[in-house]
Engineer: 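Pasting a structure here, questions to come.
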Amino acid sequence: GHSDLADFSRILSSNSEPRLAVVMVTSKKDGKDVKNRLFVYWNPDRAPVNIKMLYEGVVNQFRNSCGVSKLYRAGDNSELNPTRIMEAIR
């Protein structure tokens with residue numbers, strides 16, 4: 001739910017270096033719960049450029065190997081807002 005995403009966002013945003021995660025998000029479609037896998041790529045603006053480039057080089061390969069088609073990129077804390085993440089799966 002939304003509270004789980006809030007906890008996830010808080011933990012992720014506390015990292016000063018990029019992180020990759022696959023998140024199961026439940027949303028509503030036609031009144032029914034629908035589970036979606038979302039690949040979240042946290043690449044904070046404050047991260048060192050060489051580290052950001054390293055992650056950028058593997059993000060699509062890793063996402064494809066996980067079999068997740070939807071990608072959500074975030075670079076600052078405002079982009080890790082649970083509402084914005086939920087909007088990404090619609």
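For this chain, numbers begin at 1 and follow the sequence in order. Worth knowing before you read on, the calculation uses all heavy atoms, side chains too, and leaves out hydrogens, waters and symmetry mates.
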Engineer: Could you grab the distance from atom CG of Asn81 to atom CG of Leu5, nearest 0.5 Å is fine?
Structural biologist: 9.5 Å
Engineer: Is there side-chain contact between Asp45 and Lys52, with heavy atoms separated by less than 4.5 Å?
Structural biologist: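 Asp45 vs Lys52: side chains touch.
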Engineer: For the side chain of Arg37 and the backbone of Gly67, is there at least one donor-acceptor N/O pair under 3.5 Å apart?
Structural biologist: yes
Engineer: Show the numbers, then the answer: is there a side chain to side chain contact (heavy atoms under 4.5 Å, CB included) between Asn36 and Val23?
Structural biologist: CA-CA 8 Å; Asn36 297 285; Val23 181; over 6 Å; no
Engineer: Hey, does Leu20 have a side-chain heavy atom less than 4.5 Å from the side chain of Val59?
Structural biologist: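 Result yes, sub-4.5 Å side-chain heavy-atom pair found.
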Engineer: For Asn15, does its backbone N or O pair with a side-chain atom of Trp42 as donor and acceptor, under 3.5 Å?
Structural biologist: yes
Engineer: Is the shortest side-chain heavy-atom distance between Val25 and Met86 below 4.5 Å?
Structural biologist: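 Val25 reaches Met86 side chain to side chain.
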Engineer: Rounded at 0.5 Å granularity, tell me how far CG in Leu12 sits from CG in Asp7.
Structural biologist: 12.5 Å
Engineer: Indicate whether any N or O donor in one side chain lies under 3.5 Å from an N or O acceptor in the other, for Glu56 and Tyr41.
Structural biologist: yes
Engineer: Nearest 0.5 Å, please: how far is NZ in Lys32 from CG in Asp30?
Structural biologist: 8.0 Å
Engineer: Would you compute the distance between atom CG of Asp4 and atom CE of Met24 and round it to the nearest 0.5 angstrom?
Structural biologist: 13.0 Å
Engineer: Return yes if some donor-acceptor pair links the side-chain N/O of Arg63 with the main-chain N/O of Ser69 below 3.5 Å, else return no.
Structural biologist: yes
Engineer: If you measure from CZ on Arg19 to OH on Tyr55, what distance do you get to the nearest 0.5 Å?
Structural biologist: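 Answer rounded to 0.5 Å: 5.0 Å.
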Engineer: Which pair of heavy atoms, one from Ser16 and one from Pro44, lies closest together, and at what distance?
Structural biologist: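 Between these two residues, the closest heavy atoms are O-CG, 3.5 Å.
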Engineer: Is a donor on one side and an acceptor on the other found under 3.5 Å between the side chain of Tyr72 and the backbone of Glu79?
Structural biologist: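 Yes, the answer is positive, given that a donor and an acceptor are paired below the 3.5 Å cut-off.
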Engineer: Between Phe62 and Phe39, does the ring centre distance come in under 6.0 Å?
Structural biologist: yes
Engineer: Is Val58 reachable from Leu54 through a run of hydrophobic residues whose side-chain heavy atoms are each under 4.5 Å from the next?
Structural biologist: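 Different clusters.
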Engineer: Looking at OG of Ser13 and CG of Asn77, how far apart are the two atoms once the value is rounded to the nearest 0.5 Å?
Structural biologist: 4.5 Å
Engineer: Quick one: does Ser9's side chain get under 4.5 Å of Ile85's, heavy atoms only?
Structural biologist: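 They are in contact (side-chain heavy atoms under 4.5 Å apart), so the answer is yes.
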Engineer: Out of curiosity, does Val22 fall in the hydrophobic cluster containing Leu71 (side-chain heavy atoms, cut-off under 4.5 Å, transitive links)?
Structural biologist: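 Yes, Leu71 and Val22 fall within the same hydrophobic cluster.
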